[in-house]
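For reference, the structure is listed below as structure tokens.
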Amino acid sequence: MNIKKTNWPITILLCIGALTIIFPLYLTFVIAVKTPVEMAQSIWAFPKVFHFENFIKAIEMTNFFNAFKNSAIVTIFSVVLTVLTNSMVAYAIARNMHLRFFKFLYYYFVSALFIPFPILMLPLVKQMSSWGLDNVVGLIFLYVVFGLAFNVFLYVGYIKSIPKELEEAAIMDGASTWKIFWKVIFPLLSPMNATIAILTCLKAWNDFLLPLIILVDKDDATLPLVQYVFQSEFSANYNLAFASYLMALLPMIIVYLFAQKWIIGGLTRGAVK
């Protein structure tokens, strides 16, 4: 009978890693359901009475549902457009890497990963403003474009693992390139599509910097931007601020808990040919 020994160093490291995630979430929840008096007495202690009215006040003071709608619109459209457009670009590159132009295009996209975003900030603001895209539409466009470099890198690696014989068989049946992609290749990209969709979703929902520099109208503000404005105006009211943070955080926690296997699996498949 084989008895597996516990790897205590790894176990201890995993426990420490879990605590670094669980403890801030616990603290956020505890502060969100306390009164200012209870928080002044002890930040760490569990409250005797849960003050869920903090969430209602936070919704009213931050115009939460309008910001939630903006974040949802930006996230949904960014995810859909990213998956549709980036997969097509990657397919064209992956199947034509033997040509210099497409090989150059691939390395050109991947090289964008090494350009720091602060370098692009000022020119980006000026350009988007001159085009009249300093709004939600412009924000969606930028998420799709900025995701192209990393997404092409993942997609190309995955597409190369798909046998070309499938496409050759479709060509023999008279299918066009457009039909081959949508009927043969795109369904086979489901694991990678899910990975790209989840990563884009997390990025678009949680991003603060891009909405801050692009959006002009306060009615277009997304949730991270609203949290920042709320904190700057009511910095002393931590209970309402943390209630607002928790409501903004909850949707992505749920998404990640259900989708983490797709992220890990897709990244692993895309990393190798």
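Computation of the quantities below employed the complete heavy-atom set of this structure, encompassing side-chain atoms and omitting hydrogens, waters and symmetry-equivalent molecules.
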Review point. Would I162 and I185 satisfy side chain to side chain contact (heavy atoms under 4.5 Å, CB included), going step by step from the backbone distance to the final call?
Key: CA-CA 8 Å; I162 299 175; I185 301 299; 4.2 Å; yes

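- M88 is connected to F101 through a chain of hydrophobic side-chain contacts under 4.5 Å among Ile, Leu, Val, Met, Phe, Trp and Tyr, so both are in one cluster.
- Nearest heavy-atom pair across I159 and A94 is CG2-CB, 3.7 Å.
- Separation of atoms CG (N86) and CG (L154) is listed at 10.5 Å; rounding is to 0.5 Å.
- Using a 4.5 Å heavy-atom cutoff, the side chains of I73 and F77 are in contact.
- Closest approach of L189 to F181, counting heavy atoms only: CD1-CE1, 4.4 Å.
- Between F29 and F50, the ring planes lie tilted relative to each other; the angle falls in the 30° to 60° range.
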Practice item. Evaluate the criterion side chain to side chain contact (heavy atoms under 4.5 Å, CB included) for residue pair V226 and T222; output intermediate values, then yes/no. Key: CA-CA 6 Å; V226 166; T222 57; over 6 Å; no

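- Within the model, atoms CG of L120 and CG of L142 stand 10.5 Å from one another, a figure rounded to the nearest 0.5 Å.
- In terms of modelled atom types and a separation under 3.5 Å, the side chain of N54 and the main chain of A243 share no donor-acceptor contact.
- With S244 contributing its side chain and L240 its backbone, the two residues share no donor-acceptor pair below 3.5 Å.
- The backbone N or O of V125 sits nowhere less than 3.5 Å from a side-chain atom of S129 that would complete a donor-acceptor pair.
- The environment of CZ in F52 is crowded: more than 12 heavy-atom neighbours from other residues, nucleotides or ligands sit within 6.0 Å.
- Closest approach of V83 to A197, counting heavy atoms only: CG2-CB, 4.0 Å.
- Residues W205 and F68 place their aromatic rings such that the two centres sit under 6.0 Å apart.
- Closest approach of L215 to A221, counting heavy atoms only: CD1-CA, 4.1 Å.
- Aromatic pair F242/Y245: ring centres closer than 6.0 Å.
- Ionic pairing of E167 and R95 is present here: one or more N-O contacts between side-chain nitrogen and carboxylate oxygen are shorter than 4.0 angstrom.
- A continuous path of Ile, Leu, Val, Met, Phe, Trp and Tyr side chains, each step under 4.5 Å between heavy atoms, connects W178 with V184, placing both in one hydrophobic cluster.
- Side-chain contact between Y143 and T75 is absent, with no heavy-atom pair separated by less than 4.5 Å.
- S71 places a side-chain N or O within donor-acceptor distance of the main-chain N or O of L223, the cut-off being under 3.5 Å.
- Going from atom CE of M97 over to atom CG of L99 covers 10.5 Å, rounded to the nearest 0.5 Å.
- Inter-residue side-chain proximity for L133 and L139 is flagged as unmet; no heavy-atom pair is nearer than 4.5 Å.
- Centroid-to-centroid, the aromatic rings of F208 and Y228 come within less than 6.0 Å.
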Review point. Does the side chain to side chain contact (heavy atoms under 4.5 Å, CB included) test come out yes or no for I196 and T82, once each step is laid out?
Key: CA-CA 8 Å; I196 298 298; T82 295; 3.9 Å; yes

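- Of the possible polar contacts, none joining the D173 side chain to the A175 backbone as a donor-acceptor pair under 3.5 Å is found.
- Y158 places a side-chain heavy atom less than 4.5 Å from the side chain of P191.
- Atom NZ of K164 is separated from atom CD1 of I171 by 10.5 Å, given to the nearest 0.5 angstrom.
- Placement of I12 and L14 in two distinct hydrophobic clusters is found when ILVMFWY residues are connected by side-chain heavy-atom separations under 4.5 Å, directly or transitively.
- Surrounding CG of L250 are more than 12 heavy atoms belonging to other residues, nucleotides or ligands, all under 6.0 Å away.
- Using bins of under 30°, 30° to 60° and over 60° for the plane-to-plane angle, the ring pair Y106/F153 lands in the parallel bin.
- Y155 and W182 fall within the same hydrophobic cluster, defined by Ile, Leu, Val, Met, Phe, Trp and Tyr side-chain heavy atoms under 4.5 Å apart, directly or through other members.
- Applying the salt bridge (charged side-chain N to carboxylate O under 4.0 Å, His left out) definition to pairs two or more places apart or across chains, those involving residues 203-226 are K203-D207.
- Taking CE from M121 and CG from L212, the interatomic distance works out to 7.5 Å, rounded to the nearest 0.5 Å.
- The distance from atom OG1 of T35 to atom NE2 of H51, rounded to the nearest 0.5 Å, is 4.5 Å.
- Under the 4.5 Å side-chain contact rule for hydrophobic residues, L113 and I93 share a cluster.
- Taking every heavy atom of both residues into account, N239 and I31 meet most closely at ND2-O, 2.9 Å.
- Side-chain contact check for V216 versus N135: every heavy-atom pair is 4.5 Å or farther apart.
- Counting heavy atoms from C-beta on, the side chains of Y26 and F46 come closer than 4.5 Å.
- Remark: F141 CZ is loosely packed, at most 12 non-hydrogen atoms of other residues, nucleotides or ligands lying under 6.0 Å away.
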Exercise for review: I would like to know whether N96 and L105 meet side chain to side chain contact (heavy atoms under 4.5 Å, CB included); could you show each step before the answer?
Suggested key: CA-CA 10 Å; N96 295 282; L105 205 59; over 6 Å; no

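- Put simply, the side chain of S130 gets close to the backbone of Q127: a donor and an acceptor are under 3.5 Å apart.
- By the 4.5 Å heavy-atom criterion applied to side chains, N151 and L148 are not counted as neighbours.
- Contact detail for I43 and V30: the closest heavy-atom pair is O-CG1, 3.6 Å.
- Between L210 and F117, the closest side-chain pair of non-hydrogen atoms falls below 4.5 Å.
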